[in-house]
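Working notes, structure below.
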Amino acid sequence: MLAKHKFLRLFRYHHSQKNPNIKPLRHLICNPFCTATESQELPSWIKSSDTKNPDEDFVIPSLASWVESYKLHEPRLAINISSEKTDTDIDRLSKILKNRYPSPDEVVQALDGSCLSATTGLIEQILRRFSNDLVPALGVFTWAKTQTGYRHTPEIYNSMVDILGKGKRFDLMWDLVREMDDLNDGYVTLATMGKIMRRLARGGKYDDAVEAFRGLDKFGVTRDAMAMNLLMDALAKEKSVEHAYEVFCEFKDCTPLNTGTFNILIYGWCKARKLEDAERTMDEMKKHGFVPDVVSYTSFIEHYCHEKDFRKIDEIFQEMQEKGCKPNAVTYTIAMHALGKAKQINEALEVYAKMKSDGCLPDAKFYSSLIFILSKAGRTKDANEIFEDMKKHGVMPDVLTYTTMISFACEHSREEDALKLLQKMEEDSCKPNLKTYAPLLKMCCKKRRMKVLNFLLIHMFRNDVSIDAGTYALLVRGLCMSGKLELACSFFKEMVSKGMVPMNATYKMLVEELNKKSMGEAKEQIEKLMSQVKPQESV
DNA sequence: CTAGGGTTAG
């Protein structure tokens, strides 16, 4: 502790010389997601006197109070403050779940001893907040069922089904669907089965997804065009357009088809770079009496974009004009984006000009893309101008727009801008998602902003954004590169404790760094953990 | 749920 104060004093002094306005932040020390025992070993930066790699212990003055405000309601950090009475149910519930009970049953037990009461709003939020964290999610879900006067809505059941599918617990997922079916109250709908088919497809279980579709009537769901499109879309998007096509062949005579059915296939073939098959499907579409529409053509444009065959793109625009099919904002976005990415910024801007002269109105996604390519081309000023301009044209920035702006601010290490944008989102009630936070987290790791990193983690939590495997990987890698190995290890452990399987590259990097720093004990811990990972975590 | 999210770095 002594070292910490000494270090901080020196550090503050150092910074006050440079900028007297900078206020140090004395809080937000521990990773808010780890257990109490882990947190004690965490803040290595306090103990270490590594002045070559210090944490930057400040935030931008204009943002300090905002950052500060996040500490107040954070249960982990408010232990000695009498904030208990200001805690809402969601805080109290989260606090219990942070104990990281090993099984849902133990979560249920813990909750039975609490005086919390289940409401639909509370359960909805907690499932969102823990959507990548099976054990607490299932625990709360199970507990809530036992509460008198409470009944899960079909939507909540569907969320739970989705969470189980995301966690690859297909056995439990099916159990739950059967349970829903037993309620005999129309709980199982196409929405439920859609999630199931999507999750199975995402897990590479294509045949199971198709089987789920075949068995739809067992759950009282009709195998109509919508259901079939849903399945085909899931298969095509999850990299098996072949399965989608098989489904099409098998069911085309007993299910009514629509334009969407063909567009899903065309899109799938194009994405899989199988142009002939896409063209064949287009012919088949016409034979069935459907006219290719803007979606069909746009899929082809996207394919040629991928191939960087820009001459072909012009040809398709031409063909669309001949057929009287007007391109829309999506079409222009795709073409412009591809040109911009291929460093043909002027040609990209020509697409923008063409769009305007064609009388097509840009939307938020289009503007996001425009901002992206301008930033990529180093034209930050123009990008900012567009960002301001879109509002004047009555188009409000959406998550993607903000995410784009934040990404580039982070890339250029404009920390203040990046955080201000996040703050602006909050003011605009625009909810950030994982992709919004990713560049911010990365930047914090790189610049060793441990306080800001912590603030962001709390910010995410409060916004019900659940950390997924990709984000853990980002954190572990980023912290490794910055020499924050204890913290990297703690995130690694946390990831594994949530039943996620770390990528080999992440694991290797961590072990290698631990080796370099001769942290043998920690290395052994990680290796042991990894060896236990493969057999799927039992819940 | 028919198309627009732009890398995991070195």
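Letters A, B, ... are given to chains in the order of the sequence lines, protein chains preceding strands, and every chain is numbered from 1.
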Select base, sugar-phosphate, or nothing to describe what A:K271 touches, counting heavy atoms under 4.0 Å on all strands. sugar-phosphate
Tell me the interatomic distance from A:M320, atom CE, to B:dA3, atom P, rounded to whole angstroms. 15 Å
Between P of B:dG5 and OH of A:Y437, the distance in whole Å: 22 Å
Is there, by distance only and without an angle test, a donor paired with an acceptor across the side chain of A:K376 and the base of B:dT7 below 3.5 Å? yes
Taking B:dA3, B:dC1, B:dG5 as options, the one with an atom nearest any side-chain atom of A:T403 is B:dG5
Both conditions, 6.0 Å and 45 degrees, for the charged tip of A:K391 above the ring of A:F387: are they met here? yes
Nearest whole angstrom, please: distance from the P of B:dG4 to the OH of A:Y332. 18 Å
Within the structure shown, what part of the strands sits under 4.0 Å from A:L400 by heavy-atom distance: base, sugar-phosphate, or nothing? base
note: A:M282, atom CE; B:dA3, atom C1'; distance rounded to Å ~ 13 Å
Verify stack between A:F366 ring and B:dG4 base, 5.5 Å, 30 degrees: no
Closest approach to the side chain of A:N263, judged atom by atom: which nucleotide of B:dT2, B:dG4, B:dA3 is it? B:dT2
Checking contacts here: which listed nucleotide (B:dA3, B:dC1, B:dT2) is nearest the side-chain heavy atoms of A:M226? B:dC1
Do the charged groups of A:K237 and A:D233 touch, with an N to O distance under 4.0 Å? yes
Applying a 4.0 Å non-hydrogen cut-off, can you work out what A:A473 is touching in the nucleic acid: base, sugar-phosphate, or nothing? nothing
Touch check for A:K446, heavy atoms < 4.0 angstrom, all strands: base, sugar-phosphate only, or nothing? nothing
By the rule that syn is within 90° of 0, classify the base conformation of B:dG6 as syn or anti. syn
Has the side chain of A:T404 got a donor or acceptor that lies under 3.5 Å from a partner of the other kind on the base of B:dG6? yes
Rounded distance in Å - CZ (A:R198) to C1' (B:dT2): 11 Å
How would you list, by chain and number, every residue that makes a salt bridge (charged side-chain N to carboxylate O under 4.0 Å, His left out) with A:E211, sequence neighbours excluded? A:R214
Regarding A:Y267, tell me which of base, sugar-phosphate or nothing describes its non-hydrogen contacts under 4.0 Å with the strands shown. sugar-phosphate
For the P atoms, the ones on B:dC1 and on B:dG5, what distance do you get once it is rounded to whole angstrom? 16 Å
Send over the distance from A:M336 CE to B:dG5 C1', rounded to a whole Å. 13 Å
Salt bridge present between A:R379 and A:D382 (N-O < 4.0 angstrom): yes
Which of these nucleotides, B:dA3, B:dG6, B:dG4, is closest to any side-chain atom of A:K435? B:dG6
Note, A:D417 side chain near A:C410 side chain (heavy atom, < 4.5 Å): no
Contact class for A:N258 (heavy atom, under 4.0 Å): base, sugar-phosphate, or nothing? nothing
To the nearest angstrom, the CG-P distance between A:D398 and B:dG6 comes to 14 Å
Check if the side chain of A:H337 and the base of B:dG4 share a donor-acceptor pair of N or O atoms closer than 3.5 Å. no
Side-chain donor-acceptor pair under 3.5 Å between A:K326 and A:Q321, yes or no? no
Counting only side-chain nitrogens and oxygens, does A:K237 get under 4.0 Å of the OP1 or OP2 atom of B:dT2? no
Provide, to the nearest angstrom, the distance between the CG atom belonging to A:L265 and the P atom belonging to B:dC1. 17 Å
Side chain of A:F372: nearest nucleotide among B:dT2, B:dG6, B:dG4? B:dG6
